Amino acid sequence: MKHDILTSDFSKAAKQKVNHPLLSLHADIRLNLSVSTLVEEALKNGEGTLTDTGAFMCDTGKFTGRSPKDKFTVYDDKTADTVAWGEINQAFEADKFEALYQKMLTFIANKKLYARYACACAAPEHKMNILVINTLAWHNLFCHHLFIRPTENELVNFKPEWTILDIPEFEANPEIDGTRQSNFTIIDFTKKIILIGGTAYAGEMKKGIFTVLNYILPEEKKVLSMHCSANIGKDGDTALFFGLSGTGKTTLSADPYRNLIGDDEHGWDDKQVFNFEGGCYAKVINLSEEQEPEIFGAIRYGSILENTRFKENTKSVDYSNQSVTENTRTAYPIHYIPNVAIPSVGNAPKNIFFLTADAFGVLPPFSKLSIEQAMYYFVAGYTSKLAGTEMGIKEPQATFSACFGAAFLPLHPLKYANLLGEKLEAGNVKVWLINTGWSGGGYGVGSRIKLPYTRAMIHAALKGEFDNVNFIKHDIFGLEMPTMCTDVPKDLLNPKNTWLDKEAYDQKARSLAISFEENYRRISGK
């Protein structure tokens with residue numbers, strides 16, 4: 001099977017079977033164009049330029065990341081009693097959605113459009129068909145990469161279940177349309193439509209579908225949807241890696257001895273783990289070939305680079321340049337990475353790793369979790385923000401994102417945590433909490449735990465080496481800490497041993513433990 005859909009000319013695209021009224025009514029639409037044609041279109045439209053590796057480099061404009069406060073869900077009979085309404089899941093009136101939808105259709109009536117048939121979920125029994133309609137060629141290329149590409153046979157009678165209408169240049173009128181400001185992402189679970197306008201940040205499309213799956217799979221199919229990366233060993237042992245930005249999720253799941261199932265979004269049913277996506281959307285700030293060879297090598301012809309800049313007087317990308325944003329990214333199909341699992345499916349996991357970058361330096365670098373602890377730390381989704389990462393942050397702050405992806409959870413976090421607990425009880429799954437942050441003191445005093453040590457602990461867990469190691473319990477957190485690990489200094493394994501001031505350690509550890517408790521009470525209402 002060829003990776004690209006071979007519709008390299010408009011006449012062939014127009015002759016494909018049309019299974020959506022928007023495509024049959026619109027006069028100027030390019031359907032399922034190939035990578036090369038989309039790149040040509042994007043260059044002709046002035047949407048970006050090529051780098052010396054052939055990657056397509058572009059800007060996302062005013063928005064260089066998602067805009068969570070401008071994401072809404074339609075409130076209707078389907079969602080009224082199922083969605084966890086609040087700050088994350090903001091309600092939007094159904095009639096306002098329909099009016100805005102019609103305004104967007106009128107707006108694009110005489111515009112050139114790019115459309116793509118795509119899928120989500122690599123497991124055939126869970127596959128969801130999607131139609132994406134874009135006004136930007138590079139956005140359509142992004143969807144080619146990030147969603148699963150149907151085979152030519154699947155395209156013959158392709159029937160989209162969900163539609164994404166993505167019009168960056170269309171801006172809403174908040175007073176009339178009911179949005180917060182001119183940009184918006186709105187999901188209607190009844191009409192099965194996602195409207196995106198006023199923003200050219202392509203990640204809104206992928207996270208929109210992720211939000212949809214986070215509703216459908218647990219609510220309707222009892223499948224656990226997860227914001228995590230996954231890889232699989234030669235013996236078929238699957239491992240999951242959960243972690244917020246900066247914890248090492250992408251880095252640690254990229255292992256030359258294991259095949260990558262996916263780097264961001266997965267489902268876990270009764271028998272398997274499966275990727276939701278067909279590509280990767282990786283941060284590239286300070287990217288180097290030495291540190292991230294797989295990602296570095298994937299940035300070639302067809303790949304997309306967002307908000308990066310060239311080295312002076314060259315077409316070579318300066319990955320250290322953050323003049324536009326720290327959230328510089330690349331998008332590419334998963335087969336651009338070596339050592340990938342094809343198809344993107346693995347057995348039910350044997351090991352799960354929760355990654356946190358604890359800037360206070362009090363959590364153990366490696367610990368074993370019981371089922372109850374796993375559910376607790378899953379709900380917490382803890383890491384820490386460093387001074388300088390956001391305006392006003394002068395000292396490290398504890399950050400909690402439920403299930404390591406609160407922004408994308410339409411259901412209550414405990415729904416996902418309970419489903420995780422059921423799966424852990426049903427299988428012999430080992431869950432580990434890994435601190436990739438600081439040791440010997442907090443940020444500014446201690447030092448970052450070395451990556452080779454973290455890798456050594458993960459490899460030891462994957463090989464089952466901790467089965468024959470004694471564990472001791474942490475006095476404050478109750479975590480089980482190993483007393484030894486190959487290629488890791490023994491004192492490092494117990495964080496208190498690395499602090500000169502033991503009393504200061506206990507004080508900081510108790511303070512963090514209180515933050516965990518307050519966060520859990522806020523979520524559980526207990």
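Since the model is a prediction, treat every value here as computed from it, not as a measurement.
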Assess whether atom [atom1] of [X] is packed by more than 12 heavy atoms of other residues, nucleotides or ligands within 6.0 Å.
X      : atom1 : value
Glu125 : CD    : yes
Glu220 : CD    : yes
Glu154 : CD    : yes
Lys350 : NZ    : no
Lys450 : NZ    : no
Lys221 : NZ    : yes

Kindly confirm or rule out a cation-pi arrangement of Lys112 over Tyr114, judged by NZ or CZ under 6.0 Å from the six-membered ring centre and within 45° of its axis? no

Closest heavy-atom pair and its distance - Trp268, Leu424: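 Taking Trp268 first and Leu424 second, the nearest heavy atoms are CH2-CD2, 4.3 Å.
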
So, for Asp255 and His459, which heavy atoms are closest and what is the spacing to 0.1 Å? OD2-NE2, 2.8 Å

Which is it for Trp85 and Thr79 under the side-chain contact (heavy atoms from CB on, under 4.5 Å) test, yes or no, and what are the steps along the way? CA-CA 9 Å; Trp85 301 106; Thr79 59; 3.5 Å; yes

Is the backbone of [Y] close enough, under 3.5 Å, to the side chain of [X] for a donor and an acceptor to pair up by distance?
X      : Y      : answer
Asp188 : Thr190 : yes
Lys249 : Asp263 : yes
Thr73  : Gln90  : no
Ser253 : Thr250 : yes
Asn307 : Thr328 : no
Arg258 : Asp237 : yes

For Arg66 and Lys207, what are the C-alpha separation, side-chain angles and deciding distance, and is it a side-chain contact (heavy atoms from CB on, under 4.5 Å)? CA-CA 9 Å; Arg66 292 179 299 100; Lys207 290 305 185 186; 3.6 Å; yes

Between Phe366 and the options Tyr453, Trp432, Phe354, the ring-ring contact (aromatic ring centres under 6.0 Å, His included) test singles out Trp432

If the plane angle is over 60° it's perpendicular, under 30° parallel, otherwise tilted; pick one for [X] and [Y].
X      : Y      : result
His145 : Tyr336 : tilted
Phe276 : Phe274 : tilted
Phe242 : Phe378 : perpendicular
Phe210 : Phe408 : tilted

With respect to Thr383, which candidate in Thr436, Asn435, Asp358, Thr356 satisfies the side chain to side chain contact (heavy atoms under 4.5 Å, CB included) definition? Thr356

Stepwise side-chain contact (heavy atoms from CB on, under 4.5 Å) check, Leu141 with Ile304: CA-CA 8 Å; Leu141 179 63; Ile304 298 168; 3.8 Å; yes

From CA spacing to verdict: side-chain contact (heavy atoms from CB on, under 4.5 Å), Ile187, Thr211: CA-CA 9 Å; Ile187 302 174; Thr211 303; 3.8 Å; yes

Can you check ring pair (Phe, Tyr, Trp, His ring centres under 6.0 Å) on Phe72 and Phe92, steps first, answer last? CA-CA 6 Å; Phe72 304 90; Phe92 200 83; 5.5 Å; yes

Validation row, ring centre Tyr382 to ring centre Tyr377 under 6.0 Å: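 Ring centroids of Tyr382 and Tyr377 are no less than 6.0 Å from each other.
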
